[in-house]
Amino acid sequence: MANGGTAAKTSGNSEARLPTEFDDAVMWATWLYYADQMTQSEIAKKLNVSRATIVNLLQEAREREIVSIRISPQAFGRTAVARALMDKFGLDGVFVIPSGDEQNLVDRLGDAGARVLAEQIEDGDTVGVAWGRTVLAVANQISLPKPARNVTVVQVAGSSTGEPEFSAELCTSLLSNRIQARCVNLLAPAVLSTRELKAMLLAEPVLVKQFELIHSTDRILFGVGDIGARSTVRVSGIASKAEIDTYVEQGAVAVIIGRFIDTHGMPIGGDHDDRMVGITLDELKQVKSRICVAGGPTKTAAITATLEAGYATHFVTDMATGEALLSG
């Protein structure tokens, strides 16, 4: 047992004085690391030893069972599902939240998506933003762990006349305001009446510059929509009921940033698609980091098609959806 004035055994030029309340340097380093939450480098400086010595002291603490590490079964289960999803779909990262009240699922996914996006944003980034319930939830809740300079947030799909909560310009402006970034809204409707009108509009210099910005995005945030009776796409205003029904007849199972895809994730295209203003699915795949936030029992087929086709690099979902994706 140490008494007042006992020296800790160190490898430094001078010995750090071991506080009275600790038996030895192992106990002292362990307390500083786990209780006081000091870094290994900070502890090394305090004890006047190398960082490698601190690593060894903490390892000895585990061997002597001074410290025991317990992994929550629930957290470990979510990690296992996340890793399995990464392996199955070739994803760079997956964040899985616990299953819970379905009524609050969008908000909970938004919180998780906000954390994933916030951890990625760096100085000078250009962040593309789509639209939808989950995207809006991310925009509502995002907060950067530390300020990022010279960040631009750009709208990647044209505006619609549907419900305000699904508007692309609202998602973009809200997210940019939350992270104090430059906001660039796309000054065009989501869908035009003719292909010729679209071509003329996109030739305008201001839109040429905006699309250059869209094509230079470092990361993009988007959701996945199903095409059921209560789906977002049916109230968004980007397509009529007849147009959506036609896409369904052609095999559509999902909508990504207004573009319809089949069970294999292939774009269905057509006249309606040709009149859309916004990033294409081929262009989406060119973005370095593509964060997809989606979940819920009605979206399994839509999400599967999205992930199998490689539209996402990072995926945020709930436990129930993750398990359903793995069992399919």
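In the hydrophobic clustering (ILVMFWY side chains linked at under 4.5 Å, chained through shared members), Leu144 is joined by Phe95, Ile97, Leu105, Leu109, Val116, Leu117, Ile121, Val127, Val129, Val135, Val138, Ile142, Val151, Val153, Leu175, Ile179, Leu221, Ile291, Val293, Val316. When hydrophobic residues (I, L, V, M, F, W, Y) are linked wherever their side-chain heavy atoms come within less than 4.5 Å, Val55 remains an isolated member. Under a 4.5 Å side-chain heavy-atom criterion applied to ILVMFWY residues, the cluster that includes Met266 comprises that residue alone.
Looking at heavy atoms from C-beta onward, Ser143 lies in side-chain contact with Arg178 at the 4.5 angstrom threshold. Residues Arg83 and Thr79 are in side-chain contact: their nearest non-hydrogen atoms beyond the backbone lie under 4.5 Å apart. Between Trp131 and Leu136, the closest side-chain pair of non-hydrogen atoms is not below 4.5 Å. Two residues are said to be in side-chain contact when any heavy atoms from C-beta on lie closer than 4.5 Å; Ile227 and Phe260 meet this criterion. For the pair Leu201/Pro189, a side-chain contact is recorded, criterion being any heavy-atom separation below 4.5 Å from C-beta on. At a threshold of 4.5 Å between non-hydrogen side-chain atoms, the residues Leu58 and Gln40 count as touching.
In terms of hydrophobic clustering, with Ile, Leu, Val, Met, Phe, Trp and Tyr side chains grouped at heavy-atom distances under 4.5 Å, Leu213 and Val206 are assigned to a common cluster. A single hydrophobic cluster is not seen to contain both Met200 and Met276; linkage of ILVMFWY side chains at heavy-atom distances under 4.5 Å, directly or through other members, places them apart.
Residue Gln37 holds its CD atom at 11.0 Å from CD of Glu42, rounded to the nearest 0.5 Å. Taking CG of Leu174 as the start and OG of Ser167 as the end, the distance is 9.5 Å to the nearest 0.5 Å. Separating the OG1 atom in Thr30 from the CG atom in Asp36 is a distance of 11.5 Å, to the nearest 0.5 Å. In this structure, OG1 in Thr126 is found 10.0 Å from CG in Asn150, a value given to the nearest 0.5 Å. In this structure, CZ on Arg78 lies 9.5 Å from OG on Ser99, to the nearest 0.5 angstrom. Between the CG atom of Leu197 and the CG atom of Leu192 there is a distance of 5.0 Å, given to the nearest 0.5 Å.
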Test side chain to side chain contact (heavy atoms under 4.5 Å, CB included) on Leu186 and Leu207; report intermediate values, then the result.
CA-CA 8 Å; Leu186 184 55; Leu207 285 175; 3.8 Å; yes

Any chance you could lay out the side chain to side chain contact (heavy atoms under 4.5 Å, CB included) test for Cys183 and Thr172, step after step, and finish with the verdict?
CA-CA 7 Å; Cys183 177; Thr172 305; 3.9 Å; yes

Would you mind writing out the side-chain donor-acceptor pairs for residues 319-328 within the sub-3.5 Å range, not counting sequence neighbours?
from: Thr321; atom 1: OG1; to: Gly296; atom 2: N; distance (Å): 2.8
from: Thr321; atom 1: OG1; to: Asp318; atom 2: OD1; distance (Å): 2.6
from: Thr321; atom 1: OG1; to: Asp318; atom 2: OD2; distance (Å): 3.2
from: Ser327; atom 1: OG; to: Glu323; atom 2: O; distance (Å): 3.3
from: Ser327; atom 1: OG; to: Ala324; atom 2: O; distance (Å): 3.0

Sequence neighbours left out, cut at 3.5 Å: what donor-acceptor pairs do the side chains of residues 252-259 make with other protein atoms?
from: Arg259; atom 1: NE; to: Ile279; atom 2: O; distance (Å): 3.4
from: Arg259; atom 1: NH1; to: Asp273; atom 2: O; distance (Å): 3.1
from: Arg259; atom 1: NH1; to: Asp273; atom 2: OD1; distance (Å): 3.2
from: Arg259; atom 1: NH1; to: Asp273; atom 2: OD2; distance (Å): 3.1
from: Arg259; atom 1: NH2; to: Gly278; atom 2: O; distance (Å): 3.1

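Shown here for Gly265 and Ala309, the closest heavy-atom pair between the two residues is CA-CB, 3.7 Å. Of all heavy-atom pairs spanning Leu57 and Ala29, the tightest one is CD1-CB, 4.0 Å. Between Ser41 and Arg51 the shortest heavy-atom distance is OG-CD, 3.7 Å. Looking at every heavy atom in both residues, Val208 comes nearest to Ala203 through CG2-O, 3.9 Å. Residues Ser159 and Glu169 share a closest heavy-atom pair of OG-OE1, 2.9 Å. Ala168 and Gly158 make their closest contact through CB-O, 4.1 Å (heavy atoms, listed as atom of the first residue, atom of the second, distance).
Applying the ring-ring contact (aromatic ring centres under 6.0 Å, His included) test to pairs two or more places apart or on separate chains, none has a residue in residues 190-210. For residues 309-328, there are no ring-ring contact (aromatic ring centres under 6.0 Å, His included) pairs, not counting sequence neighbours. Within the structure, side chain to side chain donor-acceptor pair (under 3.5 Å) contacts touching residues 287-308 (residues at least two apart or in different chains) are Gln120-Ser289. Residue pairs satisfying the salt bridge (charged side-chain N to carboxylate O under 4.0 Å, His left out) criterion with at least one member in residues 52-66, sequence neighbours excluded, are listed as follows: Asp24-Arg64, Glu60-Arg64. Pairs engaging residues 192-203 under the salt bridge (charged side-chain N to carboxylate O under 4.0 Å, His left out) rule: Arg195-Asp271, Arg195-Asp274 [sequence neighbours left out]. Within the structure, ring-ring contact (aromatic ring centres under 6.0 Å, His included) pairs that include any residue of residues 172-224 comprise Phe211-His215 (at least two apart or interchain). Sorted by first and then second residue, the salt bridge (charged side-chain N to carboxylate O under 4.0 Å, His left out) pairs with a member in residues 202-227 read Asp125-Arg219; sequence neighbours excluded.
Annotation for Phe89: atom CZ counts as buried by contact number, over 12 foreign heavy atoms lying within 6.0 Å. Other residues, nucleotides and ligands place more than 12 heavy atoms under 6.0 Å from the CD atom of Gln59. Other residues, nucleotides and ligands place more than 12 heavy atoms under 6.0 Å from the NZ atom of Lys88.
Ring geometry for His272 versus Tyr247: interplanar angle over 60°, hence perpendicular rather than tilted (30 to 60°).
A donor-acceptor pair under 3.5 Å is formed between the side chain of Thr317 and the backbone N or O of Ala294.
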